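Take a look at the structure below.
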Amino acid sequence: SSLLVSLVGAGAEAAPRRIVCLGDSLTEGFGLPADDAYPAELGRLLKAAGHDVEVVNAGVSGATSASGPSRFRWQLRDKPEIVIIALGGNDGLRGQPVEAMRKSLTTTITLAKENGVAVLLAGMKIPTNYGEEYRRDFEAVYPALAKEHGVPLIPFLLEGIAMKRELNLPDGIHPNAAGHERLAKTVFEHLEPLL
């Protein structure tokens, strides 16, 4: 009977729901303390809204979509409930083939769904100087994948942040602490319905 009591006791103390932010420098919080990066801020917003969550920052600066499947496989050991996939920006900035990016993102999304993990896909845009055709093809991947896999989409991760000097580091690419606060709010709005 002591075993029964301990099992009942264990059930009462539910573990927080784990949310993995799988991304690149925009997720990692390039140039900032980890506590200023959007996953930390997202965790604070969710807790303030009454959600018992653990938000994992799985951002790696310089990562392309090709790293998504293997890095997410590693995260699966800790049984996440939701993954926010924010990859592809570096693919675009390096002019890598859009089809390769689509395949990598598809593999990551499929891996999540096969393991019962809900997906929130973050769309990316690239600067206009990459050529209109490439830019159009690149940006079209995200809504197409969201539709194909039936997953919610953040249309543009850097909505309201991109090109705003006051919300970015001097490099003009990476959000500053204020930019990450804005980014966390954007993600929160799309994520909360999944919780």
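What you see below is based on every heavy atom in this structure, not just the backbone, and it leaves out hydrogens, waters and symmetry mates. Since we're looking at a predicted model, the values are computed, not measured.
One finds the CD1 atom of Ile109 at 5.0 Å from the CD1 atom of Ile85 (value rounded to the nearest 0.5 Å). Rounding to the nearest 0.5 Å places CD of Glu114 at 9.5 Å from OG1 of Thr107. Separating the CZ atom in Arg136 from the CD1 atom in Ile126 is a distance of 11.5 Å, to the nearest 0.5 Å. Of the inter-residue distances, the one linking Thr110 atom OG1 with Lys103 atom NZ reads 13.0 Å to the nearest 0.5 angstrom.
In this structure a side-chain-to-backbone donor-acceptor pair under 3.5 Å is present from Asp171 to Ile173. Without hydrogens or angle criteria, Arg135 side chain to Pro127 main chain gives no donor-acceptor distance under 3.5 Å. Side chain of Gln75 to backbone of Val20: no donor-acceptor contact under 3.5 angstrom is found. A side-chain donor-acceptor contact under 3.5 Å links Thr106 to the backbone of Arg102. Remark: side-chain polar atoms of Asp36 are not paired, donor with acceptor, to backbone N or O of Ala177 under 3.5 angstrom.
Linking ILVMFWY side-chain heavy atoms closer than 4.5 Å, directly or via other members, places Leu169 and Leu158 in two distinct hydrophobic clusters. The hydrophobic cluster containing Leu76 does not contain Val60, counting ILVMFWY residues as joined when their side-chain heavy atoms lie under 4.5 angstrom apart, directly or transitively.
Using a cut-off of 4.0 Å between Lys/Arg side-chain N and Asp/Glu carboxylate O, Arg17 and Glu81 are scored as salt-bridged. Between Lys125 and Glu139 there is no salt bridge, since no side-chain N of the basic residue sits under 4.0 Å from a carboxylate O of the acidic one.
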Quiz item: After noting the C-alpha distance and the side-chain angles of Leu121 and Ile154, does the key distance pass the side-chain contact (heavy atoms from CB on, under 4.5 Å) rule?
Solution: CA-CA 6 Å; Leu121 183 62; Ile154 300 170; over 6 Å; no
Practice problem: Show your reasoning for whether side-chain contact (heavy atoms from CB on, under 4.5 Å) applies to Ile84 and Leu42. | Solution: CA-CA 12 Å; Ile84 300 160; Leu42 178 65; 3.9 Å; yes
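Each of Leu120, Val117, Leu191 was evaluated against Ile19; a single residue qualifies, Leu191, per the side chain to side chain contact (heavy atoms under 4.5 Å, CB included) test. Checking each of Asn176, Leu167, Thr186, Leu26 against Ile161 for a side chain to side chain contact (heavy atoms under 4.5 Å, CB included) leaves exactly one that passes, namely Leu167.
Applying the ring-ring contact (aromatic ring centres under 6.0 Å, His included) test to residues at least two apart or on different chains, the pairs with a partner in residues 161-184 are Phe30-His174. Pairs of residues two or more places apart, or lying in two chains, never qualify as ring-ring contact (aromatic ring centres under 6.0 Å, His included) while including a residue from residues 36-85. Evaluation of the ring-ring contact (aromatic ring centres under 6.0 Å, His included) test over residues 127-173, restricted to residues two or more places apart or in two chains, returns Phe138-Tyr142.
For the pair Pro152 and His190, the minimum side-chain heavy-atom distance is 4.5 Å or more. The side-chain heavy atoms of Val56 and Pro39, taken from C-beta on, include no pair separated by under 4.5 Å. Counting only heavy atoms from C-beta outward, the side chains of Leu87 and Thr64 never approach each other to under 4.5 Å. Residues Leu45 and Val187 are not in side-chain contact: their nearest non-hydrogen atoms beyond the backbone lie 4.5 Å or more apart. Residues Pro16 and Val53 fail the side-chain proximity criterion, which asks for heavy atoms closer than 4.5 Å.
Looking at every heavy atom in both residues, Leu183 comes nearest to Pro175 through CD1-CG, 4.1 Å. In terms of heavy-atom proximity, Asn90 sits nearest to Ala63 at ND2-O, 2.7 Å. When all heavy atoms of Cys21 and Val55 are compared, the pair lying nearest together is SG-CG1, 3.6 Å. Taking all atoms of both residues into account, the shortest heavy-atom contact from Ala122 to Leu153 is C-CD1, 4.5 Å. In terms of heavy atoms, Ser25 sits closest to Ser61 at CB-OG, 3.2 Å. Nearest heavy atoms, Arg71 versus Ala58: NH2-O, 2.6 Å.
No more than 12 heavy atoms of other residues, nucleotides or ligands sit less than 6.0 Å from atom CZ of Arg165. Other residues, nucleotides and ligands contribute only 12 or fewer heavy atoms inside 6.0 Å of the CD atom of Glu133.
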